[in-house]
2 protein chains.
Amino acid sequence: MTGNPPRLRDTPTAQDATPPRPYHHGDLRSALLSAAEAELAERGMEAFSLRSVAKRAGVSHAAPAHHFGDAQGLLTALAAEGFRQFLAAQAAREAVADKDPASQLVAAGMGYVDFAMARPTLFRLMWQSNRPDFNSPDLGLAARAAFQHLVDQVAEAGGRTTADEAAVWALAHGLADLLASNRLRGVGSLDPAARDAMLSGIIRRALPGA
Amino acid sequence: MTGNPPRLRDTPTAQDATPPRPYHHGDLRSALLSAAEAELAERGMEAFSLRSVAKRAGVSHAAPAHHFGDAQGLLTALAAEGFRQFLAAQAAREAVADKDPASQLVAAGMGYVDFAMARPTLFRLMWQSNRPDFNSPDLGLAARAAFQHLVDQVAEAGGRTTADEAAVWALAHGLADLLASNRLRGVGSLDPAARDAMLSGIIRRALPGA
DNA sequence: CTCCTATCTTGACAGTGTAAGGATATGGGC
DNA sequence: GCCCATATCCTTACACTGTCAAGATAGGAG
């Protein structure tokens, strides 16, 4: 299938035409993570295949096992990494926003949506899939951190009730999810500036005391 | 596996101990749909297996093909049926709500959430999966009807802008999705009456002119 | 240099979706 | 009553998937 005959490895002299990928990849773990996300983005959440990921990384179909155990392990690690970048996307928005609590909260919501639109399949893996193991310490921690960040910001913006938290979270999450699956075409097709303006206006509706 | 030897069928006399399910099921199509939803609810969106569905319906693994073509066909039909019941859930709330446009809109949002909490996996199939074929006339029509119902109600409640539609939809959708995946435990664990009160209060925040 | 360990490959197995063709019932025409 | 056209369901086969077990290979510690 690959056309690579399983020939024994000779010392990699210059005359070796086929550039022999070394037996040991060097950084297979992160290579598999990027390959996994690429596969996820191209073929979709449902058609995800561990063997395809391995092939994309140029490695045998059983190589991922050593680093991640099984497919769930890979997806768990990928989701955890996703949650960290998810928080980073929010931080990026917060850094350029006004420093008052309300603006910071809105900025976090914008980052929430940014991430979902930029990497919709990863977003789906994190929020709507049960393939990752959310009991994993790594993933559990990363996911909880994302949630806690929101709760903190709502509190700083004057939110005190469960309803305040739920309202802001649900609104941001709903916008993100609908935009990620391209169902809010009236909003998603706007140019970035206009979209930002509309989104921030919408998010403000959920703010405590609005 | 089933213990049913592939013996030829003799006339079903009373002495026939093993009650022979007739060769023709009678209503296999709808039996497969219910089996599919049950499998979906029990084993989750990702572990869905066409062969398990067939086994649950007491039929060979290739029997679904005749009625639905392939797995995507079955899931498409299931999602379409889901959208119809989704609208019915909203109608049920609207029927018992005050008749002013704002209350009707809130009621529709509550029905939105009701459905997601009652049948989370089906909700996920409809909104976050790409396994159903959304270009199918049947599913496309059902999904569009659900969307149109919301747009109409927003308009009647005084909504005029894209932002109004997006705000109400996203808030209801976010609540539904987070509750379906059990991430809003502070809301989801309330008793129905208290939860209704909180949810309607939240949804009202997104209303135009609130 | 030797050996230990981590890394990667090969090969096998059960389970999956789908296609092709055979078996069985149902009903309409005679 | 008989015959067959059709719809329904089954059996078989194939490629692909995830996982496991066992072997091959490299790199580093001693």
Side-chain angles (χ1 to χ4, degrees), chain A residues 1-12 16 20-33 35-36 39-40 43-76 78 131-133, chain B residues 1-12 16 20-33 35-36 39-40 43-76 78 129-133:
Chain A
M1 192 81 68
T2 66
N4 266 341
R7 58 120 70 124
L8 290 201
R9 177 118 156 55
D10 40 330
T11 57
D16 201 344
R21 180 184 47 74
Y23 192 96
H24 287 77
H25 183 285
D27 193 13
L28 181 55
R29 194 191 140 87
S30 67
L32 284 172
L33 282 176
E39 281 285 315
L40 225 46
R43 314 213 312 161
M45 182 72 234
E46 352 269 346
F48 178 81
S49 149
L50 195 55
R51 283 171 116 105
S52 290
V53 171
K55 189 176 298 180
R56 178 185 282 259
V59 99
S60 97
H61 66 263
H66 188 106
H67 295 274
F68 299 101
D70 53 6
Q72 168 163 313
L74 204 179
L75 293 171
T76 300
L78 191 58
R131 294 191 71 173
D133 174 18
Chain B
M1 192 79 68
T2 65
N4 265 341
R7 56 123 67 129
L8 290 200
R9 179 121 155 52
D10 39 330
T11 57
D16 201 344
R21 183 182 49 72
Y23 192 95
H24 285 75
H25 182 285
D27 193 11
L28 183 55
R29 195 192 139 89
S30 68
L32 285 173
L33 282 176
E39 281 285 315
L40 224 47
R43 315 213 313 160
M45 181 73 233
E46 352 269 346
F48 177 81
S49 148
L50 195 54
R51 283 169 115 107
S52 291
V53 171
K55 189 177 298 181
R56 177 185 280 259
V59 100
S60 97
H61 67 261
H66 187 95
H67 295 274
F68 299 101
D70 53 7
Q72 168 163 315
L74 205 178
L75 292 171
T76 300
L78 191 58
S129 175
N130 51 357
R131 294 191 71 174
D133 174 18

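Values below: all heavy atoms of this structure, side chains included; hydrogens, waters and symmetry mates excluded. Chain letters run A, B, ... following the sequence lines, proteins first and then strands; every chain starts at 1.
If you measure from atom CG of B:L50 to atom P of D:dT17, you get 18 Å, rounded to the nearest angstrom. Distance, B:E46 CD to D:dT17 C1': 16 Å, rounded to whole Å. We find that CD of B:E39 is positioned 15 Å from C1' of C:dG17, with the value rounded to whole Å. In this entry the distance linking CZ of A:F48 with C1' of C:dT16 reads 17 Å, nearest Å. Across the protein-nucleic acid pair, B:L32 atom CG and D:dC10 atom P stand 10 Å apart, rounded to whole Å. For the pair A:R29 CZ and C:dA6 P, the interatomic distance rounds to 16 Å; values are reported in whole Å. The nearest whole Å value for the distance from the CG atom in A:D27 to the C1' atom in C:dT7 is 13 Å. We find that CG of B:L74 is positioned 14 Å from C1' of C:dT18, with the value rounded to whole Å.
Between the side chain of B:R51 and the base of C:dG15, no donor-acceptor pair of N or O atoms lies under 3.5 Å. For C:dG11, its base sits under 3.5 Å from the side chain of A:H61 at one donor and acceptor pair at least.
Side-chain nitrogen and oxygen atoms of B:S60 include none within less than 4.0 Å of the OP1 or OP2 phosphate oxygen of D:dC9. Of the side-chain N and O atoms in A:H66, one or more sit less than 4.0 angstrom from OP1 or OP2 of C:dT7. Residue B:S49 has no polar side-chain atom (N or O) positioned under 4.0 Å from OP1 or OP2 of C:dG15.
Closest approach of B:S129 and B:M45 over heavy atoms only: OG-CE, 3.8 Å. Taking both residues in full, the closest heavy atoms of A:A57 and A:L32 are given as CB-CD2, 3.8 Å, listed atom of the first, atom of the second, then distance. Between A:L78 and A:L33, the closest heavy-atom pair is CD1-O, 3.7 Å.
Within 4.0 Å (heavy atoms only), B:H67 reaches sugar-phosphate atoms of the nucleic acid but no base atom. The residue B:A62 sits close to a base: some heavy atom pair falls under 4.0 Å. Nucleic acid contact class of A:A63 (heavy atoms, under 4.0 Å, all strands): base.
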task = Would you check, one step at a time, whether the test side-chain contact (heavy atoms from CB on, under 4.5 Å) holds for A:F48 with A:V53?
result = CA-CA 8 Å; A:F48 178 81; A:V53 171; 3.6 Å; yes

message = Go through it in stages, so that I can follow the logic: the residues are A:S49 and A:E39, the test is side chain to side chain donor-acceptor pair (under 3.5 Å), and I'd like the CA-CA distance, side-chain angles, deciding distance and then a yes or no.
response = CA-CA 8 Å; A:S49 149; A:E39 281 285 315; over 6 Å; no

